[in-house]
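To start, the structure under review is shown below, and the notes come after it.
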Amino acid sequence: MRADGVTPWGTLVFEVMSQQTPLVRVAPVWLRWMRLWPAPADLADAPTADVLVEWSTLGYPSRALRLQQCATRIRDAHGGAVPTDHAQLLDLPGVGGYTAAALASFQFHQRIAVLDVNIRRVASRVFDGIELPASSAPTKAERERAEAVLPEDGHECAAWNLALMEFGALVCTQRSPDCPACPIRERCRWAGRGYPRAAKRPRTQQWRGTDRQARGRVLAALRAAHSTAPRGRAGISRAEALRAATLPGAEEGQAQRALASLIADRLVAYDEASSRITLP
DNA sequence: GAAGCGTGGTG
DNA sequence: TCACCAAGCTT
């Protein structure tokens with residue numbers, strides 16, 4: 001976490017776990033991971049099934065697979081040390097623009113702009129006078145503007161990025177910003193324009209009844225089976241997996257499709273001989 | 001650029 | 001109840 005003594009690997013794991021997941025849910029899982037797998041080589045050597053069980057209910061379990069791939073790559077291609085170079089960070093599995101910049105700034109104190117959803121929202125309001133960023137991904141113009149207002153010193157830069165993220169998370173929030181308490185409302189272009197609402201809001205993701213929900217139920221059943229079963233005898237039958245994947249009132253074939261996609265994503269394995277579904 | 005990908009908390 | 005949302009990444 002962002003505390004003294006946390007290794008680059010610890011920070012990398014923390015940032016990946018934090019992708020689309022509230023920090024309060026990340027904290028306990030991260031602590032367990034650090035105890036089980038304190039260095040990249042430890043995670044690289046772990047059974048993938050254990051990695052997925054310990055991922056618990058953080059969501060988006062593909063992140064756990066990518067983190068293990070990332071650990072293997074760091075061990076084999078970087079001598080076991082998390083690279084400090086931004087381009088090399090970006091090249092790691094599961095590490096995108098946000099995570100690479102977060103590591104470069106928070107861990108390595110480089111002068112770089114972190115453009116997470118919070119900072120992008122703050123900048124859109126203050127500079128552009130619009131409620132929400134117009135594009136789903138950061139643009140070159142956004143990045144250049146964010147870099148232009150960065151402090152010169154790398155340590156100050158880390159504090160700057162972190163402060164902006166927390167400001168967006170606590171004050172300049174997505175749904176109900178506390179504008180009366182905002183210290184820069186006099187200079188905020190969105191305030192000056194009277195807080196106009198965004199015409200087009202990003203369409204919100206469906207979940208109920210989706211393949212995603214079906215996949216989640218299979219994974220939940222497998223986590224339960226693996227955390228209680230003696231080693232080597234874990235897993236569930238294909239029939240149980242399909243039953244778990246069958247949602248009330250679901251369309252024909254959804255359960256099969258969900259299971260097939262889990263296998264294709266290597267989140268689960270299917271042993272045809274025994275007809276059992278297991279974590280990989 | 002858009003769609004797909006989990007899970008739990010909240011207003 | 002239910003839509004919305006949370007330190008994004010990959011295809």
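Each chain gets a letter, A, B and so on, in the order its sequence line appears, and its residues count up from 1.
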Side-chain donor-acceptor pair present, A:Ser261, A:Arg215, cut-off under 3.5 Å: yes
Check: A:Val13 main-chain N/O paired with A:Trp9 side-chain donor or acceptor under 3.5 Å: no
With A:Leu262, the side-chain contact (heavy atoms from CB on, under 4.5 Å) member among A:Leu267, A:Asp211, A:Leu222, A:Ile277: A:Leu267
Touch class at under 4.0 angstrom, heavy-atom based, for A:Gly59 against every strand present: base
Euclidean distance, atom CG of residue A:Leu103 to atom P of C:dC9 [Å, nearest integer]: 11 Å
Atom pair distance, as rounded to whole Å: CG in A:Leu12 and P in C:dA7: 19 Å
Nearest to side-chain heavy atoms of A:Gln174, which nucleotide of C:dT10, C:dA7, C:dA6: C:dA6
5'-most by nearest nucleotide on DNA chain B - A:Ser136 or A:Tyr60: A:Ser136
Sugar-phosphate, base or nothing in reach of A:Leu23, heavy atoms under 4.0 Å: base
Atom pair distance, as rounded to whole Å: CD in A:Gln206 and P in C:dC5: 13 Å
Sugar-phosphate only, base, or nothing, as touched by A:Gln20 at under 4.0 Å among non-hydrogen atoms: base
Nearest-angstrom distance, P atom, B:dG6 to C:dT11: 14 Å
B:dG11 and C:dA7, which share atom name C1', separated by this distance in whole Å: 22 Å
Sugar-phosphate only, base, or nothing, as touched by A:Val117 at under 4.0 Å among non-hydrogen atoms: sugar-phosphate
I'd like a list of close polar pairs between nucleotides 8-11 of chain B and the protein, N/O only, cut-off under 3.5 Å.
from: B:dG8; atom 1: O4'; to: A:Arg25; atom 2: NH1; distance (Å): 3.4

Sugar-phosphate, base or nothing in reach of A:Gly168, heavy atoms under 4.0 Å: nothing
Donor-acceptor pair (no angle test) under 3.5 Å: A:Thr21 side chain, C:dG8 base: no
Of A:Leu92 and A:Asn118, the one whose closest DNA chain C nucleotide lies more 5': A:Asn118
Integer-rounded Å distance: C:dC5 C1' and A:Leu170 CG: 15 Å
Donor-acceptor pair, side chain of A:Gln254 and main chain of A:Gly209, under 3.5 angstrom: yes
OP1 or OP2 of C:dA7 under 4.0 Å from side-chain N/O of A:Gln19: no
d(CG, A:Leu132; P, C:dC4) in whole Å: 13 Å
Donor-acceptor list for residues 151-159 of chain A side chains, cut-off 3.5 Å, not counting sequence neighbours:
from: A:Asp153; atom 1: OD2; to: A:His155; atom 2: N; distance (Å): 3.0
from: A:Asp153; atom 1: OD2; to: A:Glu156; atom 2: N; distance (Å): 3.0

A:Arg215 vs B:dG6: side-chain N/O to OP1/OP2 distance below 4.0 Å: yes
Any donor-acceptor N or O pair under 3.5 Å, side chains A:Thr99, A:Gln19: yes
Interatomic distance where CG belongs to A:Asp265 and P belongs to C:dC9 [whole Å]: 18 Å
Atom-pair distance (CG on A:Leu67; C1' on C:dC9), nearest Å: 13 Å
Candidates C:dC9, C:dA6, B:dG1 - which lies nearest the side chain of A:Thr99: C:dC9
Pairwise side-chain contact, A:Leu247 with A:Arg217, heavy-atom cut-off 4.5 Å (strictly under): yes
Sugar-phosphate, base or nothing in reach of A:Val95, heavy atoms under 4.0 Å: sugar-phosphate
Separation between the P atoms of C:dC4 and B:dA3, rounded to whole Å: 16 Å
Touch class at under 4.0 angstrom, heavy-atom based, for A:Thr204 against every strand present: sugar-phosphate
Whole-Å distance separating the CG atom of A:Leu162 from the C1' atom of C:dA7: 10 Å
With A:Pro8 via side chain to side chain contact (heavy atoms under 4.5 Å, CB included) - residues at least two apart: A:Val82, A:Gln107, A:Phe108
NZ or CZ of A:Arg276 within 45° of A:Tyr270 ring axis and under 6.0 Å: no
